[in-house]
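Since the structure comes first, as structure tokens, the remarks are kept for the end.
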Amino acid sequence: MRTLLKGGSVVSGRGVQRADVLIDGGKIAQVGRRLSAVGASVVDVTGMLLFPGFIDAHTHFDLDVCNTTTADDFTSGSRAAIRGGTTTVIDFACPNKGETLQYGLDLWHKKADGRTFCDYGFHMTIDDWSPAIEAELPAMFAAGISSFKMYLTYPAMMIGDGAVYSALKAIRRLGGVCGVHCENAGVIDAMIAEKKTAGELSPASHPRTRPACLEAEAVGRLLRIAQAADCPVIIVHLTNHQALDEVEAARKRGQKVYVETCPQYLLLDESLYFNPDYSAAARYVCAPPLRERAEQEYLWRGLKRGLIQTVSTDHCSFTLEQKDAGRGDFTKIPGGLPGVETRGELLYSYGVARRKIALPTMCQVLSENPARLYGLYPRKGAIRKGSDADIVVYDPGASHIIRAEDCVGAAGYNPYEGFVTAGGIAQVYLRGRLVSELGRVLDTEPQGVYIPRGKNSL
Ligand code: DUC
Ligand code: ZN
């Protein structure tokens with residue numbers, strides 16, 4: 001079955017070009033001016049922008065955390081992804097301490113295989129380190145996992161600096177990359193103890209016990225460890241300029257450092273935690289927390305100047321009932337926000353349309369860079385001959401208001417409720433098939449496939 005998208009403008013990381021796109025058998029067969037194709041069904045996309053399907057390289061679906069499980073599993077989360085133009089997610093396989101990496105990988109396949117509406121891959125979480133775990137790494141690469149994740153916070157998952165160093169060296173030897181959650185666990189614990197002693201247990205204490213300087217400290221420490229290990233690293237969900245300064249200092253030393261930020265840090269701020277209505281505040285609890293409003297401009301500038309390479313979501317959704325667990329003790333609020341359904345429209349509306357970033361930058365940070373960094377390029381992340389026909393048709397002339405009641409994710413609320421979009425996603429193609437149109441997911445059965453990944457080419 002062949003489809004010809006006619007009359008649109010194709011966006012890449014290098015520019016925007018008027019071109020027709022011919023899709024054949026799930027792949028892009030041709031990109032060029034005035035294409036014709038006998039027998040193809042022709043779709044008029046005049047006036048539309050065509051992006052390579054968005055890639056969300058940071059989701060947590062079906063994750064057990066804080067004595068509960070995320071609201072979104074692979075089925076609901078990936079439907080939300082598709083609706084938002086995300087045709088590939090990379091989720092974090094997460095074995096518990098004491099379990100093998102292979103156990104974690106098998107478990108994540110069980111959660112995802114046959115249940116996922118978009119294509120997907122996995123990063124592997126390293127929350128324990130031993131010669132046995134090190135010996136498993138080659139098998140992970142053979143299974144298509146070329147990226148890893150470590151935590152400098154959270155007792156259930158963090159490993160010490162020495163283990164981080166050893167793991168980075170091992171990952172580097174095999175040509176992998178590693179994302180790291182950077183916050184200073186020890187000082188955060190001390191600050192939480194202070195708040196408990198003072199009886200200050202509302203969500204307002206959440207940002208006050210996880211300040212930006214403690215994220216920056218952990219970024220700086222991690223980057224010195226990475227320097228010693230001579231390993232490229234990814235700072236995931238970076239939120240503030242002090243942390244970005246640490247990255248710039250490491251880059252000046254000659255280190256390879258990649259940075260991810262998320263829509264919540266670009267668009268929301270910590271004042272939301274100071275709402276006296278518990279539920280209104282608790283819904284925004286995530287780690288690192290939302291920051292002062294002034295940080296948003298630093299992050300937008302970082303995107304514009306190429307200092308930040310990717311925008312993913314850290315989608316980790318909980319219902320308001322689940323968020324209720326922290327009434328009377330903010331440390332018990334399950335941390336995380338839904339985001340996978342709205343990332344593309346938010347980046348266009350509040351980035352491109354407000355002239356904070358250009359269209360090619362949007363394409364880089366949502367599609368091309370994650371594809372390169374995580375070993376998916378050029379199968380994903382590009383509209384060019386031979387690539388998977390994952391395409392977002394974006395109508396810059398449309399507009400709508402983001403409302404939870406229109407969303408298909410399972411959280412039941414949306415952090416961006418009431419935000420007005422500039423433009424909107426008209427159609428989404430996954431490997432050549434129309435899977436979502438005007439906010440309606442068309443597939444009734446999950447059709448996503450696991451995508452084994454190669455090495456970083458960014
Ligand atoms: N932060 C969150 O808020 N939730 C999931 C994991 C993380 O790092
Ligand atoms: Zn995360």
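Because the structure is a prediction, the values reported are computed rather than measured. Order of appearance sets the numbers: ligands from 1, and atoms from 1 within every ligand.
- Rounded to 10°, the angle formed at the Zn ion (ligand 2) by OD1 of Asp314 and NE2 of His58 is 80°.
- Looking only at protein heavy atoms, the nearest one to atom 1 (N) of ligand 1 is Ala287 O, 2.8 Å.
- Residues Val247 and Leu223 form a side-chain contact, since some pair of their non-hydrogen atoms from C-beta on lies under 4.5 Å apart.
- Under a 3.5 Å cut-off, the side chain of Arg251 and the backbone N or O of Glu246 do not form any donor-acceptor pair.
- Residue Tyr151 has no N or O atom closer than 3.5 Å to an N or O atom of ligand 1.
- With a heavy-atom cut-off of 4.0 Å, Leu63 does not touch ligand 1 at all.
- Contact atoms of ligand 1 toward Asp314: 1 (N), 2 (C), 7 (C), 8 (O) (distance under 4.0 Å to a heavy atom of the residue).
- The main-chain N or O of Val449 is found under 3.5 Å from a side-chain atom of Asp119 such that the two form a donor-acceptor pair.
- Atoms of ligand 1 lying under 4.0 Å from any heavy atom of His237, numbered from 1 in the order shown and given with element: 8 (O).
- Of all the heavy atoms of Cys316, the ones lying under 4.0 Å from any atom of ligand 1 belong exclusively to the side chain.
- At the top of the distance list for atom 6 (C) of ligand 1, counting protein heavy atoms only, stands His60 NE2, 3.8 Å.
- In terms of modelled atom types and a separation under 3.5 Å, the side chain of Thr421 and the main chain of Gly423 share a donor-acceptor contact.
- Comment: Arg210 does not engage Glu215 in a salt bridge, judged by the lack of any side-chain N to carboxylate O separation of less than 4.0 angstrom.
- Which parts of ligand 1 touch Cys286 is read off a 4.0 Å heavy-atom cut-off, strictly below it: atoms 3 (O).
- Looking at Phe92 against ligand 1, nothing comes within 4.0 Å, counting heavy atoms.
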Full working for side chain to side chain donor-acceptor pair (under 3.5 Å) between Ser271 and Asp269:
CA-CA 6 Å; Ser271 65; Asp269 71 79; 2.6 Å; yes
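- Asp329 and Thr331 share a side-chain donor-acceptor pair at under 3.5 Å.
- Looking at atom 4 (N) of ligand 1, its nearest protein heavy atom turns out to be Gly335 O, 2.9 Å.
- A cation-pi arrangement, defined by a distance under 6.0 Å to the six-membered ring centre and an angle within 45 degrees of its axis, is absent between Lys111 and Phe74.
- In terms of distance to the Zn ion (ligand 2), the nearest N, O or S atom of His60 is named NE2.
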